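We name chains A, B, ... by the order of the sequence lines, and we start the count at 1 in each one. Every value quoted in this text rests on a predicted model; they were computed, and no experiment measured them.
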Amino acid sequence: MDIRFYNTLTNRVEPFEPIDSDCVRMYSCGPTVYDFAHIGNFRSFLFADLVRRTLEYFGYPVHHVMNITDVGHMTDDALADGAGEDKMAAASRRIREDKKSGKVPEGAVENPDDPYQIAQYYTDAFLEDARRLGLKVAFEYEDNILHATQNIDAMQDMIGQLIDNGHAYVGPDGVVYYSVESFADYGQLSGNTLDQLQAGAGGRVSDQDQANKRHPADFMLWKADPSHIMKWDSPWGTGYPGWHIECSCMARKRLGRDVIDIHTGGEDLIFPHHECEIAQSRGATGADAFARFWMHARFLMVEGEKMSKRRGNFWTVRDVLEGRATGRPVHPAVLRLELIKSHYRSNMNFTKKGLQDSAGIVKRLQELRTRLEDAAGQPADVGPDHPVLEAFGKALADDLNIAGAIGCVMPWASGDHPQPAESLAVLDRINSVLAVAPLAENDTAGQNAAADEPDVVSLCAAIDQARAQKDWTRSDAIRAELEAAGYDVKTTPDGTVAEKKLA
RNA sequence: GGCGCGGUAGCCAAGUGGCUAAGGCAACGGAUUGCAAAUCCGUCAUUCGCGGGUUCGAAUCCCGCCCGCGCCUCCA
């Protein structure tokens with residue numbers, strides 16, 4: 001199968017081939033761990049997961065690496081280049097408050113002044129969210145999810161190489177800057193040129209910092225700052241690394257190549273983050289590429305608007321799963337499907353109604369699985385030439401046409417399955433990509449019934465009893481009670497059953 | 001100002017030159033039901049942001065315009 005992906009580097013859909021046949025090497029920009037991850041973060045992470053699973057579907061081994069940014073970068077909008085408040089300090093303040101209000105469990109962060117404890121707290125939360133949503137790489141922590149703070153040496157090595165190669169210099173302020181003019185291809189990824197880049201168009205650079213640079217677009221590699229919360233000794237003074245360097249280093253170190261196959265991230269990372277990564281990596285290695293394919297996911301909207309804390313439509317994964325976003329708990333498989341089901345290069349509109357739609361699909365696939373397992377037990381062998389798998393794969397191979405792929409599955413799922421063992425094998429193959437029926441490897445969190453859940457079995461029995469006595473008022477009242485508690489109630493030949501709604 | 005992505009039914013969304021414009025959700029009609037739910041059967045875009053052009057033939061190619069979104073040193 002000819003796999004084709006859109007490559008931001010060339011603005012074209014191109015056939016994908018790994019550089020080395022042994023495996024596909026891909027790197028994804030991961031989360032910062034100063035707060036809980038939101039659904040927009042996960043749209044991007046799950047997009048990377050879909051790329052990975054699609055490649056695996058076609059038989060490629062994939063080595064997927066993701067970073068955890070935990071070095072404590074700066075928050076301030078107005079003063080970039082390492083000014084403003086340290087994000088770790090902001091997180092520390094928030095955790096202190098959350099401890100008081102009981103939002104942070106007892107003993108979770110013993111010392112809110114210890115940035116490593118804060119980072120670990122939010123890293124654990126991220127991994128839990130990621131595993132619940134079926135992000136495969138999260139099950140490979142810590143092998144393939146790397147902490148920036150554990151790779152400072154590699155960053156310093158690369159900064160040294162860049163200085164030696166003439167791509168970096170120490171400014172009059174003692175900060176190590178990358179010289180964008182030393183790298184002819186700077187701007188190739190984003191389509192910018194140094195002439196066209198309007199210095200300070202984002203309104204986040206200060207004249208004072210700019211004065212220390214040779215070119216306004218030069219960016220920081222290392223900043224000596226003994227007052228920074230997280231700091232390390234270096235040849236350029238005790239301080240901390242710039243926020244682009246970690247990815248260049250960790251990709252090279254963990255994937256073991258100067259040139260990798262695929263690099264993913266959110267569209268906002270195209271410039272400056274990925275542009276700078278390319279400049280750093282190629283400046284250090286001398287190779288003519290860093291990643292062959294650059295793939296970016298478009299932003300997520302919420303109910304047609306930009307997601308922002310100010311609008312009140314800013315949702316973390318936990319907010320959605322635990323029901324704070326929609327008023328009802330959402331099954332992780334439903335959120336996963338909702339976040340992967342529209343094309344990655346279009347804006348995704350996250351809506352309550354979309355979640356309902358996704359819940360319907362998840363439910364149908366899970367019911368199909370139950371039906372097939374009851375009928376067949378074990379899956380049979382099935383080749384990739386099965387018509388449904390062929391159509392499913394063809395859609396995915398076409399720049400991840402996920403809606404088309406799902407469109408191939410649903411009519412098949414609704415149809416008759418005279419050979420359940422074969423159908424089960426087909427479903428398994430499909431689910432190796434979708435990962436919604438059943439969800440991922442294990443979803444242990446959130447499965448425990450809450451104490452205030454109704455006693456479903458006895459309420460259903462009460463409905464049957466009332467119906468047997470033709471006490472319709474009573475049976476309808478109990479049914480209404482169950483529905484209000486988030487259950488679908490249905491009448492079957494074996495009596496009334498209630499199932500928890502998935503969203 | 002520069003660079004890039006997109007606009008198909010009430011909603012999500014395939015289709016990128018040629019059979020009647022996939023699929024899902026919702027809605028509606030019917031079967032079923034004490035009533036529902038679930039299930040099953042059926043209906044649901046003469047038209048693809050707008051206007052031109054190319055062509056035997058355009059949602060698809062070309063030109064112009066309108067609208068939405070992102071980036072241009074916090075950011076998925």
Rounded interatomic separation in angstrom, taking [atom1] from [X] and [atom2] from [N]:
X         : N      : atom1 : atom2 : value
Leu269(A) : C72(B) : CG    : P     : 10 Å
Phe36(A)  : A76(B) : CZ    : C1'   : 18 Å
Glu275(A) : C72(B) : CD    : P     : 12 Å
Leu300(A) : G68(B) : CG    : P     : 20 Å
Met301(A) : C11(B) : CE    : P     : 15 Å
Arg371(A) : A38(B) : CZ    : C1'   : 13 Å
Asp398(A) : A13(B) : CG    : P     : 16 Å
Leu194(A) : C3(B)  : CG    : C1'   : 14 Å

Taking the [atom1] atom of each, how far is [N] from [M], in whole Å?
N      : M      : atom1 : result
G53(B) : A58(B) : P     : 12 Å
C71(B) : A9(B)  : P     : 27 Å
U43(B) : G51(B) : C1'   : 35 Å
G7(B)  : C28(B) : P     : 30 Å
G29(B) : G57(B) : P     : 43 Å
U46(B) : C11(B) : P     : 14 Å
G4(B)  : U20(B) : P     : 38 Å
A21(B) : G49(B) : P     : 16 Å

Taking only residues two or more places apart in sequence or in another chain, which ones pass salt bridge (charged side-chain N to carboxylate O under 4.0 Å, His left out) with [X]?
X         : answer
Glu140(A) : Arg52(A)
Arg467(A) : none
Asp49(A)  : Arg53(A), Arg336(A)

Look at Asn401(A) and G15(B) and indicate whether a side-chain polar atom (N or O) is within less than 4.0 Å of OP1 or OP2.
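Affirmative; the distance criterion is met.
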Under-4.0 Å side-chain N/O to phosphate OP1/OP2 contact, Lys306(A) with G70(B):
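Yes.
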Partner nucleotide of [N] by Watson-Crick or wobble geometry (both distances under 3.5 Å):
N      : value
G42(B) : C28(B)
U60(B) : none
C3(B)  : G70(B)
C48(B) : none
U20(B) : none

Can you give me the N/O atom pairs linking the protein to nucleotides 19-25 of chain B at distances under 3.5 Å, or say none if there are none?
unit_1 : atom_1 : unit_2    : atom_2 : d
G24(B) : O3'    : Arg364(A) : NH1    : 3.0
G24(B) : N2     : Asp357(A) : OD2    : 3.3
C25(B) : OP1    : Arg364(A) : NH1    : 2.9
C25(B) : O2'    : Asp357(A) : OD1    : 2.4
C25(B) : O2     : Lys353(A) : NZ     : 3.4

Enclosure of Arg474(A) CZ (heavy-atom neighbours >12, cutoff 6.0 Å):
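No - once you tally the heavy atoms of other residues, nucleotides and ligands closer than 6.0 Å, there are 12 at most.
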Asp416(A) atom CG, over 12 foreign heavy atoms within 6.0 Å
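Open.
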Ring pair (Phe, Tyr, Trp, His ring centres under 6.0 Å) partners of Phe392(A), counting only residues at least two apart:
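Phe392(A) satisfies ring pair (Phe, Tyr, Trp, His ring centres under 6.0 Å) with Tyr57(A) only.
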Name all residues meeting the ring pair (Phe, Tyr, Trp, His ring centres under 6.0 Å) criterion together with His244(A); count only those two or more places apart in sequence or in a different chain, and write none if there are none.
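His244(A) satisfies ring pair (Phe, Tyr, Trp, His ring centres under 6.0 Å) with Phe219(A), His273(A) once adjacent residues are dropped.
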In terms of side-chain heavy atoms of [X], which of [options] is nearest?
X         : options                : answer
Phe271(A) : G34(B), C71(B), G70(B) : C71(B)
Phe299(A) : G70(B), C12(B), C35(B) : G70(B)
Asn11(A)  : G34(B), C75(B), G4(B)  : G4(B)

Across the strands shown, which category fits [X] at heavy-atom distances under 4.0 angstrom: base, sugar-phosphate, nothing?
X         : value
Lys341(A) : sugar-phosphate
Asp476(A) : base
Ser475(A) : base
His296(A) : nothing
Phe47(A)  : nothing
Thr491(A) : base

Do Lys231(A)'s NZ or CZ and the ring of Tyr240(A) fall within the cation-pi criteria of under 6.0 Å and 45°?
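Because its charged atom misses either the 6.0 Å distance or the 45° angle limit, Lys231(A) does not stack over Tyr240(A).
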How do Asn347(A) and Lys490(A) order along RNA chain B: which one's closest nucleotide is nearer the 5' end?
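Result of the comparison: Lys490(A).
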Take Ser346(A) and Ser342(A), find for each the nucleotide of RNA chain B with the closest heavy atom, and name the residue whose nucleotide sits nearer the 5' end.
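By nearest-heavy-atom nucleotide position, the 5'-most residue is Ser346(A).
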Is Phe45(A) stacked against the base of A76(B), taking the criterion as centroid distance under 5.5 angstrom and interplanar angle under 30°?
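No, Phe45(A) does not stack on the base of A76(B), since the centre distance and plane angle fail the 5.5 Å and 30° test.
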Nearest 0.5 Å, what's the CD-CZ distance between Glu338(A) and Phe42(A)?
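Answer rounded to 0.5 Å: 15.5 Å.
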With a 4.5 Å limit on heavy-atom distance, are the side chains of Trp222(A) and Tyr177(A) in contact?
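With C-beta onward as the side chain, the pair stays apart.
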Given the structure, check if the side chain of Arg479(A) and the base of A37(B) hold any donor-acceptor pair shorter than 3.5 Å.
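There is none.
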Base C5(B) paired with Arg345(A) side chain (donor-acceptor, <3.5 Å):
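No, no donor-acceptor pair under 3.5 Å.
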